[in-house]
Amino acid sequence: MGERLGVFGGTFDPIHVGHLVTAVNVRHALDLDRVLLVVANDPWQKAALPVTPAADRLAMVEAAVAEVAGVEASRLEIDRGGASYTADTLATLGRLHPGGELFVILGSDAAALLSTWERAEEVRAAATLVVVTRPGADRKAPPPGWDHRVVEVPRLEVSSTDLRARFTDGRPLDWLVTDPVVDVIRQRSLYAVGHMASPWSEPS
Ligand code: ATP
């Protein structure tokens, strides 16, 4: 029997505990063999916004999942280059895993926008949609006609946008991002952390 593969795409700028809790809980709820956190190379939905280089975002995701069973970082979209379209990613994964079953995992905010996706019809045909309830935006259904499953995960009120604001302001980030991610951020001086007071509480 082919593998049951979760595909959780994102900018992950940075990856946070909301993403990790989602990946682990969807894997469990749907009995998936693996969940791939697919790091967007060029997130076209965020074209107008500055985004941390893909190599740095990938390093954070790899660090975050190193000790997490059944959850892996995928560099597929980075290696492909250009704009990151899920339709292309599913086509590649379909070739790499013949006979496998693909599940595209989305926050419900993202699911509501599915019809705006590039080649949405191909996505619909290639995978089962998994809509995860997301803080502040849950219960938005995907457009009619999309076969989907809903998975409830603990509601964690955290977003990458808020985290970046916290970096800028020097507010605490403890427990919102995991320690291995903190290490990568420090080593690479991401989010200008190397140039400001530490946003992590120092041990007393
Ligand atoms: P930003 O705030 O920059 O938009 P984000 O926190 O939404 O970032 P993304 O990398 O854009 O993170 O999200 C990737 C996927 O994770 C999307 O499907 C999004 O809906 C989902 N997601 C983001 N935050 C959470 C959360 N706290 N709980 C569950 N899913 C989440």
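Computed from a predicted model, the values in this text were never measured in an experiment. Numbers here are sequence positions counted from 1. Remember, it's 1-based here, ligands and their atoms both numbered in the order they're listed.
For ligand 1, the atoms closer than 4.0 angstrom to any heavy atom of Thr22 are 28 (N), 29 (C), 30 (N). Below 4.0 Å from some heavy atom of Arg164 lie the following atoms of ligand 1, by number and element: 3 (O). Heavy-atom proximity to Gly9, at under 4.0 Å, picks out these atoms of ligand 1: 14 (C), 15 (C). Residue contact check: Gly10 has heavy atoms under 4.0 Å from atoms 10 (O), 14 (C) of ligand 1. Ligand-side atoms of ligand 1 in range of Phe12: 10 (O), range being under 4.0 angstrom from any heavy atom. Every atom of ligand 1 with a heavy atom of Ser159 under 4.0 Å away is listed here by number and element: 2 (O), 6 (O). Near Gly107, the atoms of ligand 1 lying under 4.0 angstrom from a non-hydrogen atom of the residue are 18 (O), 20 (O). Proximity to Leu156 (heavy-atom distance under 4.0 Å) selects the following atoms of ligand 1: 27 (N).
Considering backbone and side-chain atoms alike, Ile105 places every N or O at 3.5 Å or more from each N or O of ligand 1. Residue contacts with ligand 1: Phe8 is placed with no nitrogen or oxygen under 3.5 Å of a nitrogen or oxygen of the ligand (distance criterion only). Looking at Val158 next to ligand 1, an N or O pair under 3.5 Å apart turns up.
A side-chain donor-acceptor contact under 3.5 Å links Arg80 and Thr89. Residues Asp42 and Ser84 have side chains that never bring a donor and an acceptor to within less than 3.5 angstrom of each other.
No path of Ile, Leu, Val, Met, Phe, Trp and Tyr side chains, each step under 4.5 Å between heavy atoms, connects Phe8 with Leu113, placing them in separate hydrophobic clusters.
Not close to ligand 1: Ala40, with no non-hydrogen atom less than 4.0 angstrom away. Assignment of Glu157 to the shell around ligand 1 is not supported, since no heavy atom sits closer than 4.0 Å. Using a non-hydrogen distance threshold of 4.0 Å, Asp13 does not register as a contact of ligand 1.
Applying the side chain to side chain donor-acceptor pair (under 3.5 Å) test to pairs two or more places apart or on separate chains, those with a residue in residues 55-66 are Asp56-Arg188.
At least one donor-acceptor pair closer than 3.5 Å links the side chain of His148 to the backbone N or O of Trp146. A donor-acceptor pair under 3.5 Å is absent between the side-chain atoms of Arg75 and the main chain of Leu58, judged by distance alone. Between the side chain of Arg166 and the main chain of Arg171, no donor-acceptor pair closer than 3.5 Å is present.
Counting heavy atoms under 4.0 Å from ligand 1, residue Thr161 touches it through both backbone and side chain.
Classified by interplanar angle (parallel below 30°, tilted 30° to 60°, perpendicular above 60°), the ring pair His16/His19 is parallel.
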Task: salt bridge (Lys or Arg N to Asp or Glu O under 4.0 Å) evaluation trace for Asp147 with Arg124 - done: CA-CA 8 Å; Asp147 187 18; Arg124 196 170 76 85; over 6 Å; no
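The pair Arg27-Asp33 fails the salt-bridge criterion, with no side-chain N (NZ, NE, NH1 or NH2) lying under 4.0 Å from an Asp/Glu carboxylate O.
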